[in-house]
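Bear in mind the structure is a predicted one, so any value in this text is a computation, not a measurement.
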Amino acid sequence: MDGLKDKNGKLKKSWLIGGIVVLVIIVGLIVLMPRHLSGKYSHTTNLLLSKSTDTLEFKGSKVTEFAGNKKVNEGTYQLKGDQLTMKINETNMTATLAKDKKSFVVDSADGLADLAKGFKYTKSAD
């Protein structure tokens, strides 16, 4: 411990500056951590005798919608905390992401897409 203090018993400036630099680096890394999703999230709807699966695939800041295995729409998304906002074609959609990031629930959407309100999309085990 004597190596940390100068002859007057005060903390050496070099240790203090080094500690501040390390703290700034740690905070910087936390701030710059990626705020993206990756992988496929799906919801299956059963209507009478038919079953349909809607899948949203996230890569970088892009989202692609698939109906079954057919690509139907593309868009972008942003993630702030647990709030997911998507713009797919001209449709805006908001959802709340689970803490473990393995699912999200649609909160609202524009137009007919608002029928998806309450739908839970679950991450596929790729």
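Between Y41 and L84 there is no side-chain heavy-atom pair separated by less than 4.5 Å. Looking only at side-chain heavy atoms (C-beta outward), F58 and K123 stay at 4.5 Å or farther from each other. Contact annotation: the side chain of T64 never approaches that of K59 to less than 4.5 Å [non-hydrogen atoms, C-beta and beyond]. Under the 4.5 Å side-chain criterion, counting only non-hydrogen atoms from C-beta, T45 is not in contact with D54. Counting only heavy atoms from C-beta outward, the side chains of F104 and L56 approach each other to under 4.5 Å. Between N73 and T91, every side-chain heavy-atom pair lies at or beyond the 4.5 Å cut-off.
Residues T76 and K62 share a closest heavy-atom pair of CG2-NZ, 4.1 Å. T53 approaches S42 most closely through the heavy-atom pair CG2-CB, 4.1 Å. For A109 against D114, the heavy-atom pair with the smallest separation is N-OD1, 3.1 Å.
Clustering ILVMFWY residues whenever any of their side-chain heavy atoms sit less than 4.5 angstrom apart, transitively, puts L97 in the very cluster that holds F119.
Looking at D110, its side chain does come within 3.5 Å of a backbone N or O of N92 through a donor-acceptor pair. A distance-only check finds a donor-acceptor pair linking the side chain of Y77 to the backbone of G60 [under 3.5 Å].
T94 pairs by the side-chain hydrogen bond (donor to acceptor under 3.5 Å, both in side chains) definition with S108, not counting sequence neighbours. For K71, the salt bridge (charged side-chain N to carboxylate O under 4.0 Å, His left out) partners at least two apart in sequence or on another chain are E74.
Around CG of N89, the count of heavy atoms belonging to other residues, nucleotides or ligands within 6.0 Å exceeds 12.
The OG1 atom of T55 lies 9.0 Å from the CD atom of E65; values are rounded to the nearest 0.5 Å.
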